[in-house]
Amino acid sequence: MIKLQATYIKHLENLEAISNEIGDKCVKGKAFAYTQLRDEFGKGNISMTLISNDISVIVFEVTFHKEVTLHLIGDASKVIDFIFCLEGHVDHKFGSQSNFIPVNFRQNTIVNRSQTTTSIIKFPANKSLKVSLISYYPDLNTSDKEDLNELRLNAFSCLSDFYANGNQLYSGRVCFRTSNYVNDIMKYGFKTPSEILFKEAAILNTIASQVDRYLKDISNDYSKAPLRLYEIDKLLALETFIENNLSENLSIRRLESIAGLNASKLQIGFKYLYDKTVSNYVTEKRLEKAAKLIYESDLNVSELVYSVGFSSRSYFSKIFKNHFGVLPSKCISNPDLLVVNS
């Protein structure tokens with residue numbers, strides 16, 4: 001097992017220390033750092049971004065050859081960590097605990113750790129992992145009511161009870177809305193001003209979506225989810241099928257047959273997991289694929305319609321414009337319009 005340590009995960013020096021242990025040369029700017037794993041430890045990269053004095057994120061896009069533990073050692077203040085596994089899973093425990101608690105794929109997980117506590121995240125060996133760890137360091141003694149820190153405190157006031165109760169871990173529902181934002185964190189880099197702003201927005205959106213899910217869970221008793229675990233597994237498999245077969249007939253009747261769940265359960269499940277109806281989910285995925293094909297192929301509008309499973313060119317053009325703010329025919333001649341209008 002490989003043991004890594006960080007005192008303040010917001011300090012870029014911590015990523016340098018991690019890089020010295022398992023990475024190649026650490027590339028560091030004023031608000032970001034990045035390292036690739038050395039071959040003997042695995043493959044992939046670890047990056048860190050600071051968006052303010054009180055919010056930072058470290059991202060693992062890795063496959064470790066050996067089990068790795070990251071020890072977040074308490075220092076001068078309490079911390080709230082937002083953990084999310086976009087791919088794979090990790091385990092968590094506080095230093096005083098004997099057993100780890102799983103942080104599952106796309107599960108909304110928030111950890112409150114005190115000044116004197118070590119929080120340990122365990123990464124499995126030989127598993128492809130995409131994990132974000134966003135840390136918030138509130139300054140509870142701030143006296144300036146006009147500064148950004150005070151705005152953050154107001155925004156996070158909804159977590160005050162959770163934060164006040166010492167070391168604890170909230171492990172809630174699967175959260176697909178968050179997965180879109182975490183994907184954006186990993187997608188955007190630091191090469192252009194727009195990339196930096198998109199990355200910053202994605203980090204804040206990730207926190208907001210995780211807090212939003214937490215508040216809904218505690219108000220609705222998240223232990224009484226409308227789906228059983230085996231039903232969630234079926235819906236996850238159905239999600240993969242939809243992604244890979246967007247050009248095919250994806251009627252409710254067919255999806256019922258593929259998933260082994262009735263129409264009512266499908267609608268309940270998609271609302272619970274994706275906050276969308278089945279039809280809206282499929283339509284949105286088809287539009288996203290159409291936009292990707294515009295960038296990556298030379299297909300005309302009629303070919304796009306067929307490739308993403310629509311039956312009507314006029315209907316496709318209408319909903320494409322409603323979604324992206326521009327007609328697909330114009331995007332084909334100028335794909336950059338998708339960036340401007342999205």
Side-chain angles (χ1 to χ4, degrees), residues 1-6 8-10 12 14-15 17-19 21-23 26 32-38 41-51 55-73 79-94 100-113 118-136 169-189 199 202-211 213-214 236:
M1 180 185 294
I2 300 169
K3 179 180 177 181
L4 306 174
Q5 289 191 174
Y8 258 79
I9 202 64
K10 67 177 179 178
L12 296 180
N14 282 296
L15 192 61
I18 290 172
S19 180
E21 291 288 333
I22 62 174
C26 183
F32 73 91
Y34 169 95
T35 188
Q36 287 188 316
L37 294 183
R38 297 201 296 275
F41 296 106
K43 59 182 179 180
N45 60 76
I46 305 171
S47 62
M48 183 177 238
T49 307
L50 311 180
I51 68 168
I55 295 178
S56 64
V57 59
I58 184 168
V59 171
F60 296 83
E61 298 178 80
V62 296
T63 300
F64 290 118
H65 291 330
K66 296 181 180 180
E67 193 173 83
V68 172
T69 56
L70 175 64
H71 295 242
L72 306 174
I73 301 171
V79 182
I80 298 177
D81 294 318
F82 299 85
I83 306 173
F84 196 83
C85 297
L86 188 64
E87 187 174 324
H89 76 280
V90 298
D91 296 301
H92 175 276
K93 75 171 185 176
F94 294 108
F100 282 92
I101 296 173
V103 177
N104 294 315
F105 172 60
R106 291 178 176 173
Q107 185 175 31
N108 188 27
T109 304
I110 304 174
V111 178
N112 169 26
R113 53 185 169 103
T118 297
S119 184
I120 305 171
I121 300 174
K122 181 171 68 175
F123 300 85
N126 302 314
K127 298 289 184 182
S128 180
L129 302 171
K130 291 185 178 180
V131 181
S132 70
L133 168 64
I134 301 176
S135 297
Y136 168 59
L169 177 144
Y170 150 79
S171 189
R173 297 180 182 181
V174 172
C175 192
F176 286 85
R177 183 182 178 191
T178 301
S179 67
N180 293 327
Y181 297 134
V182 174
N183 186 65
D184 283 344
I185 292 175
M186 298 180 183
K187 178 173 69 174
Y188 292 111
K199 194 179 190 77
I203 294 168
L204 292 174
N205 278 329
T206 297
I207 296 174
S209 64
Q210 290 195 248
V211 170
R213 173 61 83 182
Y214 164 77
L236 293 177

With K3, which residues qualify under salt bridge (charged side-chain N to carboxylate O under 4.0 Å, His left out), at least two apart? none

State which residues pass salt bridge (charged side-chain N to carboxylate O under 4.0 Å, His left out) with R213; sequence neighbours excluded, sorted by chain then number. none

Step-by-step side chain to side chain contact (heavy atoms under 4.5 Å, CB included) determination, V62 to V68: CA-CA 11 Å; V62 296; V68 172; over 6 Å; no

Mind checking side-chain contact (heavy atoms from CB on, under 4.5 Å) for N180 and listing every partner two or more places apart, or none if nothing turns up? none

Apply side-chain contact (heavy atoms from CB on, under 4.5 Å) to S47 and list each qualifying residue two or more places apart in sequence or on a separate chain. Y34, V59

Do any side-chain atoms of residues 120-131 form donor-acceptor pairs under 3.5 angstrom with protein atoms, and if so which ones, sequence neighbours left out?
residue, atom, partner, partner atom, Å
S128, OG, E87, OE2, 2.5

Quick check: does any side chain N or O of S209 sit under 3.5 Å from a backbone N or O of N205, one acting as donor and the other as acceptor? yes

G23 backbone acceptor or donor facing R38 side chain under 3.5 Å: yes

On a heavy-atom basis, which atom in K199 and which in T49 lie closest, and how many Å separate them? CE-OG1, 3.3 Å

So, using ring-ring contact (aromatic ring centres under 6.0 Å, His included) as the criterion, who are the partners of Y181 when residues are at least two apart? none

Check each of H92, H71, K93 against S119 using the side chain to side chain donor-acceptor pair (under 3.5 Å) test, and report the only one that passes. H92

Going through the distances and angles, do F94 and V111 end up as a side chain to side chain contact (heavy atoms under 4.5 Å, CB included)? CA-CA 10 Å; F94 294 108; V111 178; 3.7 Å; yes

Distance col, row I134:CD1 vs L204:CG, nearest 0.5 angstrom, shows 8.0 Å

